[in-house]
Amino acid sequence: MQTVINMEAAKAAATAAQLDKERRKGRNILLICSSVCALIVLDTNIVAVSLPSVARSLHADFSDIEWVVSAYMLAFASLLLPAGSLADRFGRKRMMLLGLSLFSIASLGCGLAWSVEVLQLARALKGVGAAMLLTSALAVIGHVFHTEKDRTHAWAVWGACMGVSMTVAPLLGGVITELLGWRWIFLLNLPVCLCLGTLVYREVSESGDAGAARLDPWGSLLLSSGLSFLIWGLINANSSGWGSHATIMRVAGGLLLLALFIPVELMQKRPMIDLRLFRRAPFVGAVLAMFGYAAAAQVMMTFLPLYLQNAFSYSAVAAGLAMLPFALAMMVFPRVGVALAQRMSLHGLMGLGMALVCAGNVVVAIAAYVSAYWMVLIGMIITGSGAGLLNGNTQKAIMHCVPRERTGMASGISTTTRFSAIVLAIACLGCVLTVRTGSYLKEALLGAHLPLPVQINDVVERIVAGDSVAALPALHHNAQALLMAQTGFAHAFSILMLAAAAIAAVSGVLLFHLMGSGNSKAASVDAVAV
């Protein structure tokens with residue numbers, strides 16, 4: 001009898017030990033995958049503070065600087081859906097290791113870049129690696145955690161890691177740029193990627209999906225090419241001329257390729273994006289909410305550090321510190337959204353978030369016009385608060401508008417929309433910034449009877465990029481002319497913020513109307529902060 005009891009006790013102990021081992025392994029995998037995703041978020045937001053230093057170091061103009069950001073975002077957005085299919089087909093662990101390798105090589109290329117063109121190419125390669133990393137890491141988390149309770153806990157930990165990364169990115173970027181130089185923002189990725197690669201190899205088991213959807217090369221090619229041509233035309237319009245054949249051909253070519261994407265996807269049996277989902281008004285409203293959030297709020301992580309350094313002559317560290325209120329509000333207000341979700345419909349909560357983004361951008365626009373940082377601070381907090389309400393709920397809203405078996409595709413559409421909106425907003429709002437700065441400078445110089453620079457577009461690009469020293473010779477070393485250019489930049493930034501506020505207002509009205517046409521009250525009850 002005693003032998004039987006001892007055997008049962010040993011068996012129970014062995015079972016407990018096995019469960020404890022599995023829990024530890026699951027916890028390790030969650031932390032590893034969350035760290036991989038946090039690295040992507042960190043790299044996406046850390047670069048903005050260093051852009052003026054990059055411009056001065058590589059003698060780059062604003063169009064070049066836009067491409068440093070856009071090349072990464074464009075490759076990332078275009079390849080998210082194909083990368084997810086590849087990870088399911090060929091193994092998620094394998095794809096994560098390949099993504100870390102590409103990310104490391106691209107980071108080395110960025111850190112050693114001897115020209116802005118090399119930096120842009122390396123950033124594009126980095127975007128490819130980031131797409132592989134994000135899709136495979138998210139798939140591994142979804143594969144490892146099965147029960148609703150475990151998944152809720154896993155996504156909460158993942159969301160916390162993302163929030164911390166977004167919060168510390170501006171300040172960390174400023175400190176590294178100031179103390180070590182902008183190149184180290186990229187070079188420090190190398191030991192991080194090495195550590196993560198070692199942990200992935202040791203801890204993460206291989207997984208896949210034999211029944212995954214087949215690849216859609218034509219859809220992927222048309223989507224990425226269309227976005228590339230459109231962004232190319234918008235970013236280079238100031239230097240090439242808005243009415244030039246080059247600009248018209250690029251924009252028209254991009255629109256044509258994106259238009260061809262629609263019939264190609266409709267003809268597919270298992271398309272990369274099922275366009276029939278867009279027949280549902282709540283789904284369209286949710287996608288518009290994601291687009292408006294990214295284009296009017298998230299894009300400010302790129303533009304605000306540039307403005308703070310140009311308008312107030314802040315160092316990279318000071319600009320990073322000045323961005324903290326914006327980032328902290330984005331991190332805190334998802335929790336406020338969880339409490340409000342118990343009393344408000346989902347479309348009402350998201351409409352409130354978009355209204356706050358609109359109001360915050362208007363306040364920053366006024367502050368930019370009168371050059372008052374305390375007003376910029378208030379505007380950033382308001383915008384960050386609205387962005388915090390939208391951050392988790394935009395993804396949640398899209399998921400709730402599709403059948404359970406289509407959530408993978410819905411997640412891909414959501415993330416692709418987010419980064420496509422950011423890259424389009426950078427191009428379009430960047431156009432507003434350069435065109436209005438140039439117009440103000442011309443009028444001011446003519447009004448003061450000062451000579452116009454021979455290459456005024458180049459002067460404008462240098463001023464907007466934060467390289468005033470390079471612009472001074474073209475202005476005949478006239479300090480008054482330089483002050484006019486900088487004042488023109490501040491006024492143009494005010495117009496940029498009003499344009500972003502208009503995007504938020506239109507998106508808010510549309511999402512409230514379209515999502516309100518469906519039953520979104522039920523979806524609001526379990527809204528979580530992500």
### Message
If you apply the rule side-chain contact (heavy atoms from CB on, under 4.5 Å), what do you find for Val364 with Met300, and how did you get there?
### Response
CA-CA 11 Å; Val364 175; Met300 292 307 145; over 6 Å; no
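- Considering CG of Leu429 and CD1 of Ile495, their distance stands at 12.0 Å, rounded to 0.5 Å.
- Between the Ser494 side chain and the Ala490 main chain, no donor and acceptor come within less than 3.5 Å of each other.
- Arg418 CZ: more than 12 foreign heavy atoms inside a 6.0 Å radius.
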### Task
Evaluate the side-chain contact (heavy atoms from CB on, under 4.5 Å) criterion for residues Phe493 and Phe303: first the C-alpha distance (whole Å), next the side-chain angles of each, then the deciding distance (0.1 Å), finally the verdict.
CA-CA 9 Å; Phe493 190 82; Phe303 281 115; 4.0 Å; yes
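- To the nearest 0.5 angstrom, Leu100 atom CG is 11.0 Å from Met132 atom CE.
- Looking only at side-chain heavy atoms (C-beta outward), Val69 and Leu51 come within less than 4.5 Å of each other.
- Rounding to the nearest 0.5 angstrom, the gap separating the OG atom in Ser507 from the CE atom in Met354 is 5.0 Å.
- Residues Ser50 and Ile185 approach most closely at CB-CD1, 3.5 Å, considering heavy atoms.
- At a threshold of 4.5 Å between non-hydrogen side-chain atoms, the residues Arg123 and Asp43 count as touching.
- Residue Ser225 is tested with Leu258, Leu257, Leu230 for a side chain to side chain contact (heavy atoms under 4.5 Å, CB included); the sole match is Leu257.
- Closest approach of Ala319 to Pro305, counting heavy atoms only: CB-O, 4.3 Å.
- Looking at every heavy atom in both residues, Ala296 comes nearest to Ala504 through CB-CB, 3.8 Å.
- The backbone N or O of Asp64 lies less than 3.5 Å from a partner atom in the side chain of Gln120, making a donor-acceptor pair.
- Looking at heavy atoms from C-beta onward, Phe186 lies in side-chain contact with Lys126 at the 4.5 angstrom threshold.
- Taking the centre and axis of the six-membered ring of Tyr201, the NZ or CZ atom of Lys93 falls inside the cone set by 45° and 6.0 Å.
- In plain terms, the two heavy atoms of Ala387 and Val357 that are nearest each other are N-CG2, 3.7 Å.
- The closest donor-acceptor contact from the side chain of Gln309 to the backbone of Val49 lies under 3.5 Å.
- A pairwise comparison of heavy atoms in Gly129 and Leu102 identifies CA-CB, 4.1 Å as the closest pair.
- A perpendicular orientation is assigned to the rings of His491 and Tyr440, their planes being inclined by more than 60° (bins at 30° and 60°).
- At a threshold of 4.5 Å between non-hydrogen side-chain atoms, the residues Met380 and Met323 count as touching.
- Between Leu39 and Phe103 the shortest side-chain heavy-atom distance falls below 4.5 Å.
- Asn361 meets the side chain to side chain donor-acceptor pair (under 3.5 Å) test with Thr383; sequence neighbours excluded.
- Closest non-hydrogen pair, Cys110 versus Arg183, comes out as O-NH1, 4.3 Å.
- Of the candidates Leu196, Leu134, Leu199, Leu31, Val36 forms a side chain to side chain contact (heavy atoms under 4.5 Å, CB included) with just one, namely Leu196.
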### Message
Let's go through Leu58 and Trp114 carefully: what are the C-alpha distance in whole Å and the side-chain angles of both, what is the deciding distance for side-chain contact (heavy atoms from CB on, under 4.5 Å) to 0.1 Å, and is it a yes or a no?
### Response
CA-CA 7 Å; Leu58 298 180; Trp114 56 89; over 6 Å; no
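- Side-chain contact between Val128 and Phe76 is absent, with no heavy-atom pair separated by less than 4.5 Å.
- No more than 12 heavy-atom neighbours from other residues, nucleotides or ligands sit within 6.0 angstrom of CZ on Phe229.
- Distance check: Leu74 CG to Ser420 OG gives 8.0 Å after rounding to the nearest 0.5 Å.
- You'll find the side chain of Met330 stays beyond 4.5 Å of the side chain of Leu390, heavy atoms only.
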### Message
Test side-chain contact (heavy atoms from CB on, under 4.5 Å) on Leu188 and Val192; report intermediate values, then the result.
### Response
CA-CA 7 Å; Leu188 288 175; Val192 176; 5.8 Å; no
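- Distance CD1/Ile503 to CG/Leu498: 11.5 Å, rounded to 0.5 Å.
- In this structure, the side chains of Trp182 and Ile176 stay at 4.5 Å or more apart for every pair of heavy atoms.
- A distance of 10.5 Å separates CD1 in Ile378 from OH in Tyr373, rounded to the nearest 0.5 Å.
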